[in-house]
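Read through the structure below, which is laid out as structure tokens, and then see the notes.
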Amino acid sequence: ELATAMSASLDLSLIVDTRNRRDMLHPLLRSTAFIGERIIVDMASDDGSADLCEQAGCRVIRIPAEPFVDELRNRYLPLATRGWTLLLDSDEYLSADAEGLIGALIATAGDRIDAYGIPRFNYIGADRLPAPGWYPDHQIRLFRTGVIAFQKGHHQRPVVLSGDERLALVDPSGGLHIHHQNYRDLREFIARQLDYALTDDYEGERDLRLYLAEAYEAM
């Protein structure tokens, strides 16, 4: 009863975009069950992803399939009706203590903080990547509804509309974390990093060979 009351008191919406990720959605759905409003934006999945989310009690918005870019999120962020929004990808999930940690962050935000950068664990299979560039990998994912806008392109940092001085980075030591099931194995990791190198909009030059080597050494 106490857990139910705490969940109901969290002024929080969850938004997730997905396409054909049924096999990865179970940890996300389990770890966010405490959130009263969960919105799934499904891009024409044909593997039962949308049905799985509906069965878990989520509101599912079905949209046509299209190449995903970060800016697409701006279309459906206004769907959130709660004061705060948590944004996750379909291959991400939270730890068991997330409810209390998120509640504490919202409670302590006061009138100073509008958005939080949450540290993220990245994985190749079951192996966590601790190397520089892979951790703490803060992601701006918890924010007051309406204060975030995504930029054009892919893998771009979202803009805090009220100013970066109102952004706080969560201390990785004992704080809230996102767990990211990035890659099933090293083969998938290499293939996708090559694709990212050709299609992403990173600032400055990027030494892909060094990037791959650091990740491999971290395993």
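Worth saying up front: this structure is predicted, and the values here are computed from it rather than measured.
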Mind listing the closest non-hydrogen atom pair of [X] and [Y] along with its distance?
X	Y	value
Gly174	Leu101	O-CD2, 4.1 Å
Pro64	Ala44	C-CB, 4.4 Å
Pro158	Ile148	CB-CG2, 3.7 Å
Val170	Gly175	CG1-CA, 4.1 Å
Val60	Cys53	CG2-CB, 3.9 Å
Gly117	Leu167	N-CD1, 3.7 Å

Pairs involving residues 153-165, ordered by first then second residue, that meet salt bridge (Lys or Arg N to Asp or Glu O under 4.0 Å) (sequence neighbours left out): Arg157-Asp164
Is any NZ, NE, NH1 or NH2 atom of the basic residue among [X] and [Y] found under 4.0 Å from an Asp or Glu carboxylate oxygen of the other?
X	Y	result
Glu54	Arg59	no
Asp51	Arg62	yes
Asp17	Arg73	yes

Test side-chain contact (heavy atoms from CB on, under 4.5 Å) applied to Leu77 - qualifying residues, sequence neighbours left out: Ile15, Asn74, Leu87, Phe143, Phe150
Sidechain-backbone polar pair: [X] side chain, [Y] backbone, donor-acceptor under 3.5 Å:
X	Y	result
Tyr123	Leu129	no
Ser31	Pro27	yes
Glu92	Asp89	yes
Ser90	Leu25	no
Asp11	Gly83	yes
Gln156	Asp70	no

For the hydrophobic clusters of this structure (ILVMFWY residues joined by side-chain heavy atoms under 4.5 Å, transitively), does one cluster hold both [X] and [Y]?
X	Y	result
Ile140	Tyr76	yes
Ile113	Leu10	yes
Leu105	Leu12	yes

Partners meeting side chain to side chain donor-acceptor pair (under 3.5 Å) with Thr32 (sequence neighbours left out): Arg38
Test log, rule side chain to side chain contact (heavy atoms under 4.5 Å, CB included), inputs Glu37 and Thr81: CA-CA 8 Å; Glu37 180 176 65; Thr81 66; 2.8 Å; yes
How long is the span from the [atom1] atom in [X] to the [atom2] atom in [Y], to the nearest 0.5 Å?
X	Y	atom1	atom2	value
Met24	Gln181	CE	CD	4.0 Å
Ile102	Leu94	CD1	CG	5.5 Å
Ile178	Arg120	CD1	CZ	7.0 Å
Leu86	Ile106	CG	CD1	8.5 Å
Cys58	Leu14	SG	CG	7.0 Å
Arg22	Asp46	CZ	CG	12.0 Å

Set of ring-ring contact (aromatic ring centres under 6.0 Å, His included) partners for His177, sequence neighbours left out: Phe121, Tyr135
Does the side chain of [X] pick up a donor-acceptor pair with the side chain of [Y] at under 3.5 Å?
X	Y	value
Asp171	Ser173	no
Thr85	Ser13	no
Asn182	Asp91	no

Test side chain to side chain contact (heavy atoms under 4.5 Å, CB included) applied to Tyr93 and His26, His179, Arg30, the passing residue: His179
The single option from Ile63, Thr18, Leu72 passing side chain to side chain contact (heavy atoms under 4.5 Å, CB included) against Val41: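 Result: among Ile63, Thr18, Leu72, Ile63 is the only option passing the side chain to side chain contact (heavy atoms under 4.5 Å, CB included) with Val41.
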Residues in salt bridge (charged side-chain N to carboxylate O under 4.0 Å, His left out) contact with Asp114, at least two apart in sequence or another chain: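 Per chain and number, Asp114 pairs via salt bridge (charged side-chain N to carboxylate O under 4.0 Å, His left out) with Arg144, Arg166.
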Listed partners of Arg19 passing salt bridge (charged side-chain N to carboxylate O under 4.0 Å, His left out), at least two apart: none
Side-chain heavy-atom pair His138, Ile118 within 4.5 angstrom cut-off: no
